[in-house]
Amino acid sequence: MAHADEAAIFNKDEEKVDWHDKALWFVRQKRDKSAHNVKGWETLRNLASAIKANVMSNLDNYLIQFEENAQKNGITVHWAVDADEHNKIVHSILQQTNVKKVVKSKSMLTEECHLNPYLEAHGIEVVDTDLGERIVQLAKEPPSHIVLPAIHKTKEEVDVLFQKHLGTKPSHGDPQYLTNEARKHLRDKFLKADAAITGVNFAIANTGGIVVCTNEGNADMGAHLAKVHIACMGMEKLIPEEKHLGIFLRLLARSATGQPITTYSSHFNKPASGTEMHIIIVDNGRTEQLSREDFRASLHCIRCGACMNTCPIYRRSGGHSYKATIPGPIGSILSPGKDLTKHSDLPFASTLCGSCSDVCPVKINIHEQLYKWRQIITKNVPQPVVKKTILKMAGRVLANTKLYDFAGKSARFMLKYAPRWVVYSKLNTWGKARDLPEIKDGNFDQWYKKRQRHE
Amino acid sequence: MSRTSILNAVKKNKPELLPLPEINLNVFSEDIDLVKTFIENVQFVGGRAILLDSIKDIDAEIKNLYPHAVKMVSCIKESSLGSISISKNTEPHELETIDLAIVKGELAVAENGAVWIAENNFTIRVLPFITNDLVLVVNKEDIHLHMHSAYESISKRDRTFGLFISGPSKTADIEQCLVIGAQGAISLTVFII
Ligand code: SF4
C-alpha cells in the first residue's frame, strides 16, 4: 500500500490524528525554545555538519582507528556487511556465552536488521526495555517514531495492553501508575538477563569508546547487570575525537525533545572486570549510500527525530504509514537508497516546505534530497497517470512566467469568488479537512515590487 | 572477510578528504552566574540542587530529605550514613534493594544541569542507576559553563566507564506525560559545596 493510502487509514480517527499532530508540534516548540537558549546554536550546527562531512570523507581510517583503540581496551569488535550477518554475529556471541535471556535498549539499527524475530526464532527471549519500545513490542508493532516509539498509542490503549501482558489493574490510562508497573516488570527482566544489547549514539575514533544516551536509564541497567554487553552500531556513528561530543551532545537532546541533555550520557570505554563487551559495526547499505554524492549527507543523521516532529506530513500521517524502519523526512531519503521500487512513494510524502532542513542539528539538506529522489524516481519508476499529468502541467506552468502569473491570479480569483463547494469538492483532496487561507489582494510578486518601490 | 570488504567499499565510495573544522570556543562564552544557572537547570530536568555551606552538613540534610532511607551506600568519606559497604567484588545484583547512594561528582555543567561521575567514584557501575534515590556532591569551583569545557577537563582521565547525569530517570512514553522515575534512580539531589 502506498504512503497516501496508509495515511488515509491513520486519518480515520480524527481525534487521534489531531492529538498526534499537536503533541509533536509541541515537541517541536520545546526544541525551538531550548535551541534559542544556546549561545552559538548555529555555530554548533555548522560545526556538527562539517565534522560529519569530514568523517564521511575519512571513514575507513576512522573505523580502523576506532577498532584499534577499542581492542586495546579489551572490547571485541565485529564487522557485518548486512543485516543477516549482524544477526548471526549477535546470535553466535549469545550462543558462546550460553545466553537465553536478553534485555535490549533502544537501537534503530537492530530494528532495521529485524534482530528480535531472528533471536526469538532461535529460542532466545528479547525484552525491549525502553518504555515506549516495550509498549510497541507488547502490541507486536514496530516503533512509529525513532525517539518516541509509542507516540501513536493512546494511554487507554497502553492500559489495556498492560492489563493483558503485565496483569495491571484498569486505570483509565494513568501514566504514573502504568510507568510504575512497567518499572517493576522491567526491573525483574534486568535482574534475570544474561546479556544486554544496546545501540550506540556516538563511537569515538580517538578513544575507541562509545556513548549511549537514554532518559530512562534502561541501557545502563541492562549493560551493568548482565555478563555480556553487545553494542550494535551503524558505521556512520563515528566521530573523530572525544571533544566533539561537546558539540553533538549539546545538539542531540535539545533537537529531540527540548531537554538540555538526556538524563544519562554513558561513556563505555572498557568492559567491567568479569564481563564481556562486543561492538558490531554494520554496513547494511551505508557504503552504497556513501557513494551517492547527492544523498551522502543523509549519513550525517544523529537520529534526533526533529525532522519528524516538524514535518506537516509526518504529524498527520503517523510513522507507520511510511512502512520503513526510519519514518519521516530522513527515512524518506534513506529508504529509497535501500529499495527504490518499494519506497518510491516516500520522497513524495512531503510538501518540500524545508522545515526538516531548518531544524536538523547536523544541517542535512533533507528537502533538497527528497526533491532529487523525486527526479530519479519519475525517470525510473512507473508513475500513476494522474500524478504524471499534473506534474507535467505544473512543470510547464512553472517554467513559463506568463503562465505562472496567470495561474496564480486565477487561483486567487477562484479562492476568492468560487463557491465553497468547488474548492472543497471531492476532486480537491487538499481541501479535505482544511480551511483555505483568506485571500489578500495582491500576490507575493506584487507585494515585493511594491515594497521595493517604497525603499 | 567482511571487515576488508567494508573498508574497501568505503575507500572506493568516500568523497575527497574534507578538513575537520576549527572550533573557536569564544563563540560560546558567556558571563553568567554558573552556580545559579546550574541550580536552575537541575530543577528544570526534574532534580534538586542545594547549596551547602559546609560538607559537614550533608548527613543532616540527607536525613531530612530522605527520612525513610535505610539501606544506604556512601561513596564519600565525609558522610557516615552508609549502612552497606561495597567493594570491587560486590555482585551488582545485590544492590537491587539499595535505597540511597551518595556519589562524588567530579564536575558539573551549568548549561544542562549535568554532573560527571566516573567509575572510580562509585565502584560498581550499576549503583547510580539501581539505587532508588541518588545524591551527588560537587564542588562549587567544579561547575563549568558548557560541555566543551567539561570535556576538556575530563580529557586526561583513565577511561573505563563514566557518565553525565542530568536529573532523575524519566519517561514521557505514555501520551507524552512526563513521569519521573523510569528504570533508573527515581530522584536526584545534587549538593553543591
Ligand atoms: S535528519 Fe536531522 S533532524 Fe532528522 S533525525 Fe536525523 S539528525 Fe535529526
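Letters go in sequence order (proteins before strands), and every chain restarts at 1.
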[X], part contacting chain B, at a heavy-atom distance under 4.5 Å:
X         : value
Ile135(A) : side chain
Lys155(A) : both
Arg187(A) : side chain

Salt-bridge contact Lys170(B)-Glu216(A) (side-chain N to carboxylate O under 4.0 Å):
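So Lys170(B) does not pair with Glu216(A) through a salt bridge.
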Name the region of Asn26(B), side chain, backbone, both or neither, that has any atom closer than 4.5 Å to a heavy atom of chain A.
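Answer is backbone: N, CA, C or O of Asn26(B) sit under 4.5 Å from chain A.
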With respect to chain B, which residue among Ala50(A), Ser273(A), Gly209(A), Ala223(A) yields the maximal number of heavy-atom pairs within a distance under 4.5 Å?
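Most pairs with chain B among the choices: Ala50(A).
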Between Asp188(A) and Lys184(A), is a salt bridge (Lys or Arg N to Asp or Glu O under 4.0 Å) present by the stated rule, with each step listed?
CA-CA 7 Å; Asp188(A) 183 57; Lys184(A) 286 187 222 157; over 6 Å; no
Which is it for His224(A) and Phe161(B) under the ring pair (Phe, Tyr, Trp, His ring centres under 6.0 Å) test, yes or no, and what are the steps along the way?
CA-CA 10 Å; His224(A) 305 315; Phe161(B) 174 73; 4.4 Å; yes
Of the listed residues (Gly184(B), Ser5(B), Pro15(B)), which shares the most heavy-atom pairs with chain A below a 4.5 Å separation?
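Top option by heavy-atom pairs under 4.5 Å: Pro15(B).
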May I ask you to name which of Met1(B), Glu91(B), Lys11(B), Glu111(B) has the most heavy-atom pairs under 4.5 Å with chain A?
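That would be Glu111(B).
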Quick one: salt bridge (Lys or Arg N to Asp or Glu O under 4.0 Å) partners of Lys14(B), sequence neighbours excluded?
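Testing Lys14(B) for salt bridge (Lys or Arg N to Asp or Glu O under 4.0 Å), a comparison that skips the adjacent residues, returns Asp60(A).
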Polar side chain donor-acceptor pair, Ser105(A) to Asn218(A), under 3.5 angstrom:
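No, Asn218(A) and Ser105(A) have no side-chain donor paired with an acceptor closer than 3.5 Å.
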